[in-house]
Every structure is written in structure tokens, then in C-alpha cells.
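Here is the structure we will look at, set down as C-alpha cells.
Throughout, protein chains are lettered first and strands after them, A, B, ... in sequence-line order, and every chain is numbered starting at 1.
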Amino acid sequence: MVDLRELEKNFDEVSEKLTKKKIDIELLKLVKEKFAELKVQKSSVEELRAEQNKNSKLFPIYKKEKKDIGELKAILSQNKSDIILGNEKLKVLELELETIALGIPNLADESVPLGAGEDENIETKKVLEIPEFNFEPKNHWDLTENFIDFERGVKISKSRFSALVGNGAKLHRALINYFLDFNQAKGYQEIVVPYIVNRNSMQGTGQLPKFEDDLFKIEGEELFLIPTAEVPVTNFFADEILNADELPIKLTSYTSCFRKEAGSAGKDTRGMIRQHQFDKVEIVVFSKPDESFRILEEMSEMVSEMLTSLKLPHRLLTLCGGDLGFSSAKTIDLEVWLPGQNQYREVSSVSNMTDFQSRRAKIRYKDGKKNRLVHTLNGSSLAVGRTMVAIMENYQKADGSIEIPEVLKKYM
RNA sequence: CGGGAGAUGGCAGAGCGGUUGAAUGCACUGGUCUUGAAAACCAGCGAGGGUAACACCUCCGGGGGUUCGAAUCCCCCUCUCCCGGCCA
């Protein structure tokens, strides 16, 4: 949720940051108008209420003095119906405003480059050389070693599901443990959270109301499968007021993730790059506002370090405004090199959501006497399936076998 | 899934129609005392909106209703706890 008071006060500035993310300026003007209208209506109802409260307090006094109550009662009855009327208008306005406001994305930070889509993201860093093969490297789905069983995954569920077998299953588990240990060593506390969450949590992190089509919903219940651990982990502190001296709070959590991939028909239909169910180790940070952008850099460096430790060539990209996610103010993607596909593919996306999620989820901290909204950040550290694909393609041998990265050997 | 109890500030826990946004205790913050600490004593201490600051408005799980007035009465929902059934 954007800060409506900020929008009202500094309309030009805010709308500029928003148009970076391709937002219709007419919509913003409408929000501003509605907000102003709401304020007027609200104060008029409040005045009526103040009147009602004040006069109601006269009743016990009148009674004590044995004065006539009839006239006072008549006045208040009238006033009451005015309140009800005004309140109805107010509720309509509030609902209208909320409906629009919840659909407005977070503001892009100044440092975010302009651009319409992924082609205009800025590459900031390349780590490790792209390896040379003395044979034609294969796609992970063409590798002969028995790692992934695509057919049986589809048989027992449907397309975009797969099963892991043999060393694939083992490597998958090794990666999870390696990631979690790595994150913990960097000061992230591990937590285990629900995979099914309520509507309120989904709204808190920004998946709802706008992206309901992307989520698996439990039939007959207002519950959803999580598309990322970001949802339960960020909402861990929803409605809470944290102590300033315990910030930043750094959490890491391993979960399965479930996505409908509604908009990706025909994309990545082969292999396990884009599945309805995948596993991910996530990192989430709750910070004071003035340190969140520094922490964003730290987080992306940490993920890069992890990829380096696996000897996987990768690059860092700063997403341009047009490619930025709904809740994010700034995002750094990490893409790993896939020799079989001859291209870089995303394995991690680290974002600073600033106060966008904390305003929705009411996550605050005590700053002296005042309560302020924290900044929330999150990132994959790392996507398990895609990292496994990267290992398969980068560590493949001419005979089709796959070597195990040095740092993972003790986990296998 | 069946039977019972309940949901009040960071926690514990009063209040059950009228100066109650809420007693009391603990925790917390500041002060006095002390070489320092503890103890004791004094003071402060819920959230959101509004304002230059006050005033003022809203909030006692959520939603609706009765009333001039509701934390207190009525209805619906959700959640929690205890007992039983089922179960990793």
C-alpha cells in the first residue's frame, strides 16, 4: 500500500516514482481526489459524533437534577440519524479508496533505472567465467543420469510437476541443508512456517487482492498455498511492534512454493525451470528504514557468495522500473549460467519492499516514543530446483554423468 | 468431528448500560537515594486517525443490532483453551 498522505502532499514526486512502474496517472489523480473527499467526510462525521458524546453525558446529570429529558433525547435522536447517514457515505468512500489503493504498486526507488521490461535491466556484475566444454553441453532434461522423473510427476499430478529420483533427490536435499547452514552462519535465524495461509497474510505481502489468479486456493476455505516463504515469514511479525534495538531481524526459512503460473502458458514447458511446486530457501529481513538499501546490497552479495561457493557462474542485475515487481521498490536479480541452454537464468531475486508490506501488515518498531513502519526485504537464498538444474548443466561430463560440487559432498 | 469454557493494553487480570480508553499486579522508561547495583519511594507508560500544538474521533477478537449512551445487552462469524473421537 502506498502512503496516501504522502501521495496527497507530494503528488508530483510520488506520481513520478510510480509512473516509472507504468502506472496510469489518471488513477493516481482519482486516488488523491477520493482521499481528500474522504477526509472531509470523516471530519464531518467526527464532529457529529463529538456532539453526540458531549450531550449524552448530560443524561445522568439531568436525571440527578430531576430535569426533563424529553427534549434532549429528541435532539440526540435527530443527530444520531445524521451520523448514520454520514457514516454510510463514509463507508462507501473508504471501500472505494481501499479498492483502488490496494491495486497501486510500491514506488520505485530513485536508484532504479528507467525501462519498460526485462531487456532494459542493468547488469552490474559478472562472477566467474563461463566454462568451456570439449563436448556439446546438454540441457538438464537431456542428461542421461537418473535425476528427475518428469513423466511420473505428470502422471500422478499434471503438467509442470515432476519427481526427483536417485542422486537428484539426494542432491536436492543436500542443497537445502547447505543453503540453510550457509544462511545461519551469516546471522539468519531459521524458522519453519505454514505452507497454507489466510487471506489477510496474502494481502499483507501484496499477493492479494491483485494476483489471486496466480495462487492455489483451498476449496471451501479462505486459505491459499504459499507462492513463496516470503508470505508467512514476512507476516510472522504482522500487527506487532518490535523493539528498535532488535532490528535488523534476519530470518531464513525453507518451504515448498506453489504457483499456478497462469500467465506463463507455453513458457519453459520443458524441464524443471518453471513448475507449479518448487522448493526454495528464503531470507527475510526486517530493518529500520535508513538501512534497508544497504541491507539489500548485503543480501545480494551474500547470495552471490553462495553461488560462487558452488562454482556457478552468475551475474547480478538491477531491475528497471518496468520489470519491478508489484511490492518492490528495488530488486536485484541473480542469474546463473546454464550451459545447456546457453543463457543466464534467474535463481534468486532480492528485493527491498520498503514500507509497502509493513504498512499493509502493520509491522512497526518503537523509535523512541513513536511507532514507525519497518522496512521489509526478502530474497531467494536460493531456489533449490533451479540451482540443481544449474549444477546438472555446469557439472556434466561427456559421458552424461554429473559431478557433485565440492561444498556439497559432505551433505550427500 | 461431538460436548463445555472463553476472547479486555507487552503479559497477567478486574470491569458486566453512563465523566472507563479502561482498576490492580508484573514488565518497561525517567528521577530520588547509593561508591555502584539491588531494594524502596516518586513520576510516566496501549494503538490508529486528526492538529503547528491542543481539542476532538475511533478501537476492549471480527461483523451487524438495541440505546440519547455499550467493553458491558442481543444476533452471526472467527479463533483459543479443556474433555471425548480420529491421527503423523
Side-chain angles (χ1 to χ4, degrees), chain A residues 1-9 31-32 34-99 101-102 192-204 208-209 217-224 232 235-247 249 255-256 286 355-374:
Chain A
M1 182 102 121
V2 288
D3 187 343
L4 292 175
R5 268 162 292 163
E6 189 63 24
L7 181 72
E8 189 195 33
K9 254 190 242 162
V31 172
K32 192 190 169 182
K34 286 277 175 217
F35 186 60
E37 212 178 314
L38 180 86
K39 276 176 86 169
V40 172
Q41 185 62 28
K42 199 168 180 177
S43 72
S44 109
V45 171
E46 280 184 7
E47 259 172 58
L48 291 173
R49 266 208 248 268
E51 190 67 20
Q52 192 79 352
N53 289 343
K54 205 172 74 189
N55 287 330
S56 287
K57 285 179 183 153
L58 294 176
F59 274 82
I61 299 167
Y62 275 34
K63 270 188 192 163
K64 208 181 276 175
E65 294 173 359
K66 301 221 157 57
K67 279 200 199 161
D68 180 42
I69 272 167
E71 198 185 340
L72 187 60
K73 206 165 179 170
I75 295 169
L76 286 182
S77 289
Q78 176 56 42
N79 194 46
K80 197 198 169 189
S81 52
D82 290 348
I83 290 175
I84 291 171
L85 232 66
N87 209 29
E88 273 165 15
K89 270 195 219 165
L90 186 64
K91 280 195 174 166
V92 170
L93 275 171
E94 273 174 346
L95 190 69
E96 281 176 356
L97 185 65
E98 196 191 63
T99 306
L102 283 176
V192 177
V193 290
Y195 291 11
I196 299 174
V197 302
N198 58 32
R199 183 170 284 276
N200 197 43
S201 294
M202 284 293 185
Q203 186 162 308
L208 290 178
K217 187 167 190 276
I218 309 285
E219 195 179 341
E221 310 241 18
E222 282 298 283
L223 294 170
F224 303 84
N235 278 288
F236 198 71
F237 294 116
D239 285 312
E240 295 193 27
I241 300 171
L242 305 164
N243 289 324
D245 54 19
E246 59 189 348
L247 296 175
I249 295 173
T255 71
S256 293
F286 304 83
D355 59 7
F356 188 82
Q357 295 181 324
S358 58
R359 182 172 295 107
R360 289 174 167 228
K362 299 188 182 69
I363 310 168
R364 295 146 293 171
Y365 74 100
K366 268 243 178 296
D367 184 21
K369 276 221 126 185
K370 269 195 178 155
N371 295 325
R372 299 185 64 191
L373 296 169
V374 302

Problem - By side-chain contact (heavy atoms from CB on, under 4.5 Å) - contacts of A:Ile84 (at least two apart) - result: A:Lys80, A:Glu88
Handout entry: Distance between C1' atoms of B:C87 and B:C75 (Å, rounded)
Key = 36 Å
Problem - Any-strand Watson-Crick or G-U partner of B:U78, both distances under 3.5 Å - result: B:A7
Practice task
For A:Gln41 and A:Gly86, indicate whether the former's side chain and the latter's backbone hold a donor-acceptor pair under 3.5 Å.
Solution key: yes
Handout entry: Of A:Arg364 and A:Leu76, the one whose closest RNA chain B nucleotide lies more 5'
Key = A:Arg364
Practice task
Give one of base, sugar-phosphate or nothing for A:Glu47, where a contact means two heavy atoms less than 4.0 Å apart.
Solution key: nothing
Problem - Pairwise C1' distance, B:A38 and B:G69 [rounded to whole Å] - result: 50 Å
Practice task
Check every strand shown and say whether A:Ile75 touches a base, only sugar-phosphate, or nothing at a heavy-atom separation below 4.0 Å.
Solution key: nothing
Problem - Pairwise side-chain contact, A:Ile363 with A:Leu373, heavy-atom cut-off 4.5 Å (strictly under) - result: no
Practice task
Report the base-pairing partner of B:A71 (Watson-Crick or G-U wobble, both distances below 3.5 angstrom), or none.
Solution key: none
Exercise for the section: Please measure how far the P atom in B:C11 lies from the corresponding atom in B:G65, and state the result in whole Å. Expected result: 30 Å
Would you give me the side-chain donor-acceptor pairs under 3.5 Å for residues 1-8 of chain A, sequence neighbours excluded?
unit_1	atom_1	unit_2	atom_2	d
A:Asp3	OD1	A:Arg5	N	3.1
A:Asp3	OD1	A:Glu6	N	3.4
A:Glu6	OE2	A:Asn10	ND2	2.7
A:Glu8	OE1	A:Lys39	NZ	3.4

Exercise for the section: Pick base, sugar-phosphate or nothing for A:Lys80, based on heavy-atom distances below 4.0 Å to the nucleic acid. Expected result: base
Handout entry: A:Asn198 and A:Ser201: side chain donor to acceptor below 3.5 Å
Key = yes
Exercise for the section: Using both distances under 3.5 Å as the test, list the Watson-Crick or G-U wobble partner of B:G21, or none. Expected result: none
Exercise for the section: In whole angstrom, give me the gap between the C1' atoms of B:C76 and B:G84. Expected result: 27 Å
Handout entry: Nearest-Å distance once atom P is located in both B:C26 and B:G49
Key = 32 Å
Exercise for the section: Determine the interatomic distance between C1' on B:C83 and the same-named atom on B:C77; round to the nearest Å. Expected result: 24 Å
Exercise for the section: Find which nucleotide of RNA chain B each of A:Lys366 and A:Pro60 is nearest to by heavy atoms, and output the residue with the more 5' nucleotide. Expected result: A:Pro60
Fill in the blank from the handout: side-chain contact (heavy atoms from CB on, under 4.5 Å) filter on A:Glu51, not counting sequence neighbours, yields A:Lys54, A:Asn55, A:Asn79
Practice task
Scan every strand shown for a Watson-Crick or G-U wobble partner of B:G2, both distances under 3.5 Å, and answer none if you come up empty.
Solution key: B:C83
Problem - Whole-angstrom distance between B:G9 and B:U58, as gauged at atom C1' - result: 16 Å
Handout entry: Identified pairing partner of B:C45, criterion: Watson-Crick or G-U wobble below 3.5 Å
Key = none
Problem - Residues which pass side-chain contact (heavy atoms from CB on, under 4.5 Å) with A:Arg372, listed by chain and number, not counting sequence neighbours - result: A:Pro289, A:Tyr365, A:Asp367
Problem - Where chain A begins and ends its contact with RNA chain B, read 5' to 3' at 4.0 Å from heavy atoms - result: B:G18 to B:G69
Completion exercise
Those residues at least two apart in sequence (or on a different chain) that pass salt bridge (Lys or Arg N to Asp or Glu O under 4.0 Å) with A:Lys32 are none
Practice task
Under 4.0 Å between any heavy atoms, over every strand shown, what does A:Asn79 touch: base, sugar-phosphate, or nothing? Just pick one.
Solution key: nothing
Handout entry: Euclidean distance for C1', B:G36 against B:G15 (whole angstrom)
Key = 44 Å
Exercise for the section: Answer with base, sugar-phosphate or nothing: what part of the nucleic acid does A:Lys42 contact at a heavy-atom distance below 4.0 Å? Expected result: sugar-phosphate
